[in-house]
Amino acid sequence: MTENELYYAIGNIDDDLIIEAMEYEPTRNKNIRYINKFIAIAACFIIVGIIINITEEDVVNVNDMEHIINSYSMPLDDYIESNEYSQNDNIVKIFSEESMVKYLGINQIPKILSKGVVLSDQNTYRIIENSEGQVIHDNFEIIYTDYDKKFVTINLSKSGKNYGDMFNSIDNLKVSEIKDVFVTIGKFGETEFGAEFKNDIYYTINSEGVNEKEFISILENIINSQK
Amino acid sequence: MDDNKIIDLYWNREECAINATDEKYGRYLMKIAMNILCRYEDSEECVNDTYLDTWNQIPPTRPKYLLPYIGRITRNKSIGKLKYLTADKRNCEMNILMSELEDCFISYNTPESIYDNKEIGTTISDFLRTCKKEYRYIFIRRYWFSDSIADISEQLEMSQSKIKSILFRIRNKLRKYLEKEGYLI
């Protein structure tokens, strides 16, 4: 079966499911959303962290982001949005892993992030150029998973187009230092973590199903892989 | 107007059935077509063809639900039109959407050369009923309505990477489910 045949087949799913999707109302509460944002910002003002780098040991600070998980949507990627809809004006180029690594100027991408969490076989690496051949989107998404509960995505970008989205509504973030690299880390509940850092290129990392210790270990692994 | 009344208008061969359909569902149909084709003129043509097909099919067909019935016609017409328009060029959004599904079925092989889409549609429905309502919504919005990930993330106020991760997991579960049901060998 090709992807086209599957796409057609999905067209034949039962009517009641389509009606349900039509009528589904996501739960939103704008007041709670604003209150939560206010609390988040106020809390960040109160908890002003001072980074002390006395020794060469890593300094790990994990920002608690749980209070904004259901109220904060990250800014949409303008470039993706416009390119997805401008049809044939832009060119989507599919990269191999090798060509992506070469483009980004990094050593390699790790095959394993932690025990059982391996490079997915479903990764597709793309770059988008405009009609003049200029790169307008270079956010490569690399998925790692244990094919069960654990899921880690690493977004790599040379241009840093979307860098900073994850924490941009939070003031006074505490920053960590891992293997001499400054990393901003946040947690959303006990099993979802996010991190951003720049190490020649821009890294944005999201995880689900891994605990804090494992996530920090994954960050170390990623940073080490570029040394 | 109630769907049954609109269907009655078709049934009684009253031309205002088309206006009533357009008034109630025209925007939805345009969105489905635009999500696939991204061009207003082509989408409008598909929606108009949908009305003509509906007019020709009712009667004798009497659908239980009108929107899925006409939405399916628009969807199929739009895919057909897209194939025609993009023999050598591809639509960015559909390119991404199709490649997601391609990932899901990379190892597919079956002894039968002709596949019954309706049968697999029922199997996919059975699978979707086992998923959380919110996950089911995301899957159907993405692969039935062909909504972009950006649109879905805005509707649900979730990040795009969260939507992608949910879709990734549903696709994996779907693959396992179809393997279990004997569709993937």
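Keep in mind it's a predicted model, so treat the numbers as computed, not measured. The figures here come from the full heavy-atom set of this structure, side chains too, leaving out hydrogens, waters and symmetry mates. All chains are named by letter (A, B, ...) in the order of the sequence lines, taking the proteins before the strands, and each is independently numbered beginning at 1.
Around the CZ atom of B:R27, the shell of radius 6.0 Å holds no more than 12 heavy atoms that belong to other residues, nucleotides or ligands. Counting heavy-atom neighbours within 6.0 Å of A:K158 NZ, excluding the residue itself, gives a total above 12. Sparse packing is recorded around CD of B:E23, with 12 or fewer heavy atoms of other residues, nucleotides or ligands lying under 6.0 Å away. Counted within 6.0 Å of CD1 on A:I112, heavy atoms from surrounding residues, nucleotides or ligands total 12 or fewer; the atom is thus considered open. At most 12 non-hydrogen atoms from other residues, nucleotides or ligands lie less than 6.0 angstrom from NZ of A:K102. More than 12 heavy atoms of other residues, nucleotides or ligands lie within 6.0 Å of CZ in A:F95, so this atom counts as buried by the packing criterion. The number of heavy-atom neighbours closer than 6.0 Å to NZ of A:K111, taken from other residues, nucleotides and ligands shown, is above 12.
One distance of note links CD1 of B:I120 with CD1 of A:I10; it measures 8.5 Å at 0.5 Å rounding. With rounding to the nearest 0.5 Å, the separation of OG in B:S165 from CD in A:E192 is 7.5 Å.
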Item to check | Verdict with reasoning, B:W144 to A:I18, per side chain to side chain contact (heavy atoms under 4.5 Å, CB included) | outcome: CA-CA 8 Å; B:W144 200 92; A:I18 297 158; 3.4 Å; yes

Next on the checklist: side chain to side chain contact (heavy atoms under 4.5 Å, CB included), that's the test. Do B:K164 and A:T153 meet it? Break it down for me.
Outcome noted: CA-CA 10 Å; B:K164 284 178 189 171; A:T153 56; over 6 Å; no

Item to check | Test side chain to side chain contact (heavy atoms under 4.5 Å, CB included) applied to A:M22 and B:F145, step by step | outcome: CA-CA 9 Å; A:M22 272 284 302; B:F145 290 90; 3.7 Å; yes

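Inter-residue side-chain proximity for B:R72 and A:N12 is flagged as met; some heavy-atom pair is nearer than 4.5 Å. Taking 4.5 Å as the limit, every side-chain heavy atom of A:N206 sits out of range of all side-chain heavy atoms of B:K162. Between B:F168 and A:T145, the closest side-chain pair of non-hydrogen atoms falls below 4.5 Å. Two residues are said to be in side-chain contact when any heavy atoms from C-beta on lie closer than 4.5 Å; A:Y24 and B:E134 meet this criterion.
A donor-acceptor pair is defined here as one N or O able to donate and one able to accept, closer than 3.5 Å; no such pair exists between the side chain of B:R169 and the backbone of A:K149. Not a single donor-acceptor pair under 3.5 Å links the side chain of B:S125 to the backbone N or O of A:I13.
We find that B:K64 and A:D16 are not joined by a salt bridge, their nearest charged nitrogen and carboxylate oxygen being 4.0 Å or further apart.
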